[in-house]
Structures are given as C-alpha cells and as structure tokens.
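Here's the structure we're looking at; comments come further down.
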Amino acid sequence: MSSTATVAELNCVGRKVILDRPRIMGVLNITPDSFSDGGRWLDVADAVRQAQAMQDAGADLIDIGGESTRPGAEPVSVHQELERVIPVIESVVARLRIPVSIDTSKPEVMRQAVAAGAGMINDVNALRQGDAVAVAAELAVPVCLMHMQGQPRVMQEAPSYTDVVHDVQGFLLERAHHCEDRGVARGNIVLDPGFGFGKTLQHNLDLFTAIPAMAAHGYPLLIGVSRKAMIGQFTNRETDCRVAGSIVAAALAALKGASILRVHDVAETSDALKVATALWSPRA
Ligand code: 7PM
C-alpha cells in the first residue's frame, strides 16, 4: 500500500522548503559594528561567505537580520536596518540556491527585503507592528509568527504567565487566525513559541515539553534554542561554548515534532538531525 499523505512545504518565491523531515534555518546576523566606514563591501562579501558555508553545511534556509532582538538591545531605525540587510540579501539570493528569510518586525523592511529577493518573513513580533499583516498578505511569502512577552529591552525582567503553554498557544493561534482573516494563506504560516523571549527557565521547560501539542495544531513549528540562556543554565557555559548543548536541544525539538530548527551551528545540527531521525524510528 502506498502512502497518500501530503507533505507540507513552504514556497519561498519559488525556492521550496519541503517539510518531510526537520529542516535547518541558519542564522546570519548583520552586526552594526561591522559597518564602519569603507568596510561595507568586505562585510557583504564576508556575509555571503558565511551564508555559502551554511548552505554547504546543510542549511535549508538562511535567516538574515539587522535588528538586534537581544534582551536589553536598543531599537534600530528603518534606514539603518535596510542599509545593513538589503545588500546582503541581494548577494546571498544571487549566489545561493536555498531561500533567505528576513528577520524583522518592520513592514517597510519586509517589503524591501522581499523586493531584494527574500522568500520568507521571520517576525519575533508576530506581525503586530503597523500594517505588517497587510504587507505579509500582499507579499504572499511564508511568515513565522513568534511569541514574545514584552519588548526585547525589558522582556527578561519579570516574565509572568497564568499558564505559559496555554497563553503562548492561545496567542499564536489567535495571531494565525487574524492573519488568515486578512489574507495570509494558511499554508504560509509557521508558528514559534519564542524561547527566551519573556520567559524564565521554567517557562522554557514547560514550552519545550509542549512541543508535540503545539505541533498538533497543523502549522509547522519553528524552534530557536541555539546558544540561548537556557542552554547556559544547564551547562554553565558562555555563549560560544554552548554548541553541544544546542545540538542536543535541536535534535530533541525535532523528535518532538518541530519542523524547522533555527541554529547558529549548521554542520553540527545537520549531523545531529540525521542521526536522531535515523535512530528514532529505524526503517531497516
Ligand atoms: C542575543 C540573544 C542575540 C538572543 C540574539 C538572540 C529567535 C528568532 C532570535 C527564535 C525566531 C537568537 C536570538 N531568536 N526568531 N530570533 N525564533 N523565529 O538566539 O527563537 O538568535 S534572536
């Protein structure tokens, strides 16, 4: 008997991400410091090299962001953000075969990034800024709606929930339905509980446990735990030494039903996912 179950896929302006197995989104941060006078061309070339290395290492998507969402970070202007990301998106899209997602909350950046070739929107603010929902509907690209309590500058001060899983799930489903009502295709919506965004360690643990329940709503789930504080809380290691902890967390998230893992260490995560999926339900 042949299986007839259809596999979900994201169509990122023609570049497809087939969700038949856990997929990897590689993080490419365009840092402000790198934009000193005269260094611009070199910075773009370096970003493209990093993106190419991630594709070679097994990335299925590259997430490009120019606005720091780090707890305590200061906001960045539309102009600054565009100046950072647009040249990189153009070069990366021209040279790589995998799609690029734009990590932004600003509707104008979404527009210009997609015009420059980006095929997906990753918004930690779940399209709550200005006319972001209308823009996403018009651009008709996949969009990741992430949950965040508070704003980056203050979100880790006193995270509080009645029932974190219930609250986060309720928020994400409400946003998804709101977006669908305004013209975003259901098949273009990806959900993300937003690990570390206004969450204590216990909140993160409760959400991690609930990955199967959250994945059961039918929207692909994106999970980002790479190098985050939670990994440091278990291992007592600084950001740069959280690779092993991060790949274990990514593999477990995948086994629990996550569709896309947002990671910094693509090669290691790629191996981990291959081994984890092979050994979890062996076919031979
Ligand atoms: C410092 C602390 C710098 C934390 C950057 C971060 C997510 C995201 C980020 C996520 C989605 C990071 C975060 N995290 N987008 N953007 N999901 N969809 O660790 O978990 O990269 S920024």
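Atoms within each ligand, like the ligands themselves, are counted from 1 in listed order.
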Residue [X] vicinity, atoms of ligand 1 by number, heavy atom under 4.0 Å:
X	answer
Asp103	16 (N)
Gly224	20 (O)
Cys144	18 (N)
Val124	8 (C), 15 (N), 16 (N)
Asp192	10 (C), 11 (C), 17 (N), 18 (N), 20 (O)
Asn122	11 (C), 15 (N), 18 (N)

- Item | Short N or O distance, Asp63 and ligand 1, threshold 3.5 Å exclusive |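 No.
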- Query: Which residue, Ile121, Ile189, Val141, Leu145, forms the side chain to side chain contact (heavy atoms under 4.5 Å, CB included) with Val184?
  - Reply: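 Per the side chain to side chain contact (heavy atoms under 4.5 Å, CB included) rule, the option paired with Val184 is Ile189, out of Ile121, Ile189, Val141, Leu145.
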- Only one of Val85, Ile98, Val100 forms a side chain to side chain contact (heavy atoms under 4.5 Å, CB included) with Val92, so which one is it?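 Exactly one candidate clears the test, Val100.
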- Task: Mark the output for Val27 as yes if a heavy-atom distance to ligand 1 is under 4.0 Å, and as no if none is.
- Result: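 For ligand 1, residue contact (heavy atoms, under 4.0 Å) with Val27 is absent.
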- Message: So is Gly194 touching ligand 1 or not, going by heavy atoms under 4.0 Å?
- Response: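 The answer is no, since Gly194 has no heavy atom less than 4.0 Å from ligand 1.
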Does [X] come within less than 4.0 Å of [Y], counting only side-chain N to carboxylate O?
X	Y	result
Asp265	Arg227	yes
Arg23	Asp20	yes
Asp60	Arg21	no

- Task: Flag the pair Tyr219 / Leu172 as yes when at least one side-chain heavy-atom distance between them is below 4.5 Å, and no otherwise.
- Result: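 They are not in contact (no side-chain heavy atoms under 4.5 Å apart), so the answer is no.
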- Shared hydrophobic cluster for Val143 and Met110 (ILVMFWY, side-chain gaps under 4.5 Å):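 Result: yes, single cluster for both.
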Please classify the [X] to ligand 1 contact at 4.0 Å (heavy-atom distances, strictly less than): side chain, backbone, both or neither.
X	result
Ile223	neither
Leu222	side chain
Arg227	neither

- Query: Out of Lys228, Met146, His147, who gets a non-hydrogen atom closest to atom 20 (O) of ligand 1?
  - Reply: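 Comparing heavy atoms across Lys228, Met146, His147, the nearest one to atom 20 (O) of ligand 1 lies in Lys228.
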- Between His147 and Phe197, does the ring centroid distance fall short of 6.0 Å?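 For His147 and Phe197, the ring centres are not under 6.0 Å apart.
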- Message: Rounded to the nearest 0.5 Å, what separates atom CD in Glu81 from atom CD in Gln112?
- Response: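 Separation between the atoms: 10.5 Å.
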